Amino acid sequence: MGGQNFQLRQTPGTPGCPMHKPQILSSQLPTDEYSEATTPQPSAALPVLIFDACHLGVVLRAVLGMELTLAIAALYTSHNAWDWLMHTAWLTSGGLPGTLVWLLLACSLKRVLHRMDSPHQYAIGIVLGVVAGLYATAMLAISGEVVRMHWLANAITGGILAAVLVGYLVLRAEGRTPAATKAQLTALQAHIRPHFLFNALNSAIALVRDEPSKAERLLEDLSDLFRATLQDPRSTIPLSEEIELAQRYLDIEQTRFGPRLQVQWDLDPHALHVRLPPLLLQPLVENAVKHGVEPSQIGAKVTISAQLTQKKFLLLRVTNTLTSSKHLGDKPLIHKGQGIALANVERRLRLLHDVDATFSAAPRHGVFEVRISLPSS
């Protein structure tokens with residue numbers, strides 16, 4: 001499915017007409033073949049490296065932790081605020097290069113260290129901290145007087161700080177192992193499926209008496225959607241598959257809301273191969289329908305955009321128009337009710353991408369916009 005080509009259309013739905021959607025150009029599979037076609041093939045798991053210190057989040061935490069330690073240490077030898085500020089700056093001139101040296105060495109040697117036993121990895125990490133402490137002392141000696149005992153003190157301090165940083169990297173590596181990551185993602189996704197299931201079943205119940213054919217079609221779409229989500233244990237899927245899942249959800253809601261639900265797609269074909277957590281887009285689309293279309297008798301427009309930026313980041317945007325409560329029959333719009341689903345999505349992004357991913361959700365120029373940026377590789 002990741003290799004399917006999409007015909008991209010951007011025309012919104014109109015009253016009385018089917019909703020325009022991305023059309024799959026390849027041949028459609030029968031329903032009874034879908035389960036076999038979507039069963040993921042086993043793939044080799046990527047190794048989780050303990051000393052993977054090349055990420056921005058690790059660098060920021062290491063630098064901030066070092067700076068806090070030096071600022072506290074400077075308090076012991078300072079007589080006033082200005083003296084403390086100057087002493088902190090002098091210590092930073094040595095501590096910052098030393099920390100960056102340790103991070104650079106750890107990043108460069110991560111694959112070499114990965115082939116060693118864990119105790120040896122930890123010992124080398126601490127030794128590298130001692131080396132970084134001596135390097136920091138050399139930097140301090142360039143700009144001021146350093147006595148012999150300072151070399152010993154900084155070497156020991158470098159080793160201790162390195163041990164703390166190694167402990168953090170070990171916990172981070174354990175949290176990124178396939179088993180741990182999959183368990184956490186499964187727990188988060190479990191919050192999504194029951195909520196969506198109840199909404200879809202309520203829609204079907206409302207149609208059973210008056211429009212049984214629509215109710216039957218809705219239940220068929222629901223069956224296909226859950227077959228795909230429940231049988232896919234992968235931690236990431238291509239954007240093309242996520243778009244198809246979101247489209248199946250929108251087909252269900254189109255049966256419920258009719259012309260009140262207008263959808264516009266703006267998809268970059270080059271972004272369709274990017275991998276992202278499963279059920280990341282569908283909750284955002286569901287959120288837009290629930291808080292944009294459902295409260296309003298005149299409906300709302302939902303726009304889904306996916307673009308690949310020049311910096312190789314995937315930019316996802318889901319917006320819904322905001323309808324003023326002054327329209328007849330419209331319910332007051334309460335945006336704070338959107339927090340649970342959005343917080344769930346943000347936690348999953350942090351789990352997989354840490355600070356490399358960004359997430360924002362806020363009203364903007366007459367629409368409520370959810371904006372996500374994550375690495376494309």
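Note that the coordinates shown come from a computational prediction; the quantities given were computed from them, not determined experimentally. Just so you know, residue 1 is the first one in the sequence shown, and it goes up from there.
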### Task
Might you work through the side-chain contact (heavy atoms from CB on, under 4.5 Å) test for Leu316 and Leu276, ending with a clear yes or no?
CA-CA 11 Å; Leu316 284 175; Leu276 67 166; 3.9 Å; yes
Between [X] (side chain) and [Y] (backbone), is there a donor-acceptor pair under 3.5 Å?
{"X": "Glu369", "Y": "Arg317", "answer": "no"}
{"X": "Asp117", "Y": "Pro119", "answer": "no"}
{"X": "Trp102", "Y": "Gly133", "answer": "no"}
{"X": "Thr321", "Y": "Lys301", "answer": "yes"}
{"X": "Arg371", "Y": "Leu315", "answer": "no"}
{"X": "Ser93", "Y": "Trp90", "answer": "yes"}

### Task
For the pair Thr358 and Phe313, evaluate side-chain contact (heavy atoms from CB on, under 4.5 Å) and give the outcome as yes or no after the intermediate values.
CA-CA 10 Å; Thr358 61; Phe313 274 75; over 6 Å; no
Is [Y] reachable from [X] through a run of hydrophobic residues whose side-chain heavy atoms are each under 4.5 Å from the next?
{"X": "Leu165", "Y": "Ile126", "answer": "no"}
{"X": "Val112", "Y": "Leu128", "answer": "yes"}
{"X": "Phe368", "Y": "Val318", "answer": "yes"}
{"X": "Ile160", "Y": "Tyr168", "answer": "no"}
{"X": "Leu96", "Y": "Leu104", "answer": "no"}

Shortest non-hydrogen contact between [X] and [Y], atoms and distance:
{"X": "Ala306", "Y": "Leu239", "result": "CB-CD2, 3.7 Å"}
{"X": "Thr69", "Y": "Gly65", "result": "OG1-O, 2.9 Å"}
{"X": "Thr92", "Y": "Pro97", "result": "O-CD, 3.6 Å"}
{"X": "Ser296", "Y": "Arg260", "result": "O-NH2, 2.7 Å"}
{"X": "Gly125", "Y": "Ala162", "result": "O-CB, 3.6 Å"}
{"X": "Asp83", "Y": "Ser78", "result": "OD2-CA, 3.3 Å"}

Would you give the length of the straight line joining atom [atom1] of [X] to atom [atom2] of [Y], rounded to the nearest 0.5 angstrom?
{"X": "Leu281", "Y": "Gln247", "atom1": "CG", "atom2": "CD", "value": "10.5 Å"}
{"X": "Thr309", "Y": "His270", "atom1": "OG1", "atom2": "NE2", "value": "13.5 Å"}
{"X": "Thr99", "Y": "Tyr135", "atom1": "OG1", "atom2": "OH", "value": "11.5 Å"}
{"X": "Arg61", "Y": "Leu169", "atom1": "CZ", "atom2": "CG", "value": "10.5 Å"}
{"X": "Gln282", "Y": "Leu245", "atom1": "CD", "atom2": "CG", "value": "8.0 Å"}
{"X": "Thr88", "Y": "Leu70", "atom1": "OG1", "atom2": "CG", "value": "7.5 Å"}

Do [X] and [Y] make a side-chain contact, defined as non-hydrogen atoms from C-beta onward lying under 4.5 Å apart?
{"X": "Gln307", "Y": "Asp266", "value": "yes"}
{"X": "Asn154", "Y": "Val146", "value": "no"}
{"X": "Thr303", "Y": "Val367", "value": "no"}
{"X": "Leu152", "Y": "Met149", "value": "yes"}
{"X": "Ile124", "Y": "Met116", "value": "yes"}

### Task
Report the C-alpha distance between Asn287 and Asn320 in whole Å, list the side-chain angles of each, state the deciding distance to 0.1 Å, and finish with yes or no for side-chain contact (heavy atoms from CB on, under 4.5 Å).
CA-CA 9 Å; Asn287 194 79; Asn320 61 271; 5.5 Å; no
### Task
Step by step, work out the side-chain contact (heavy atoms from CB on, under 4.5 Å) result for Tyr249 and Val289.
CA-CA 10 Å; Tyr249 166 75; Val289 172; 3.8 Å; yes
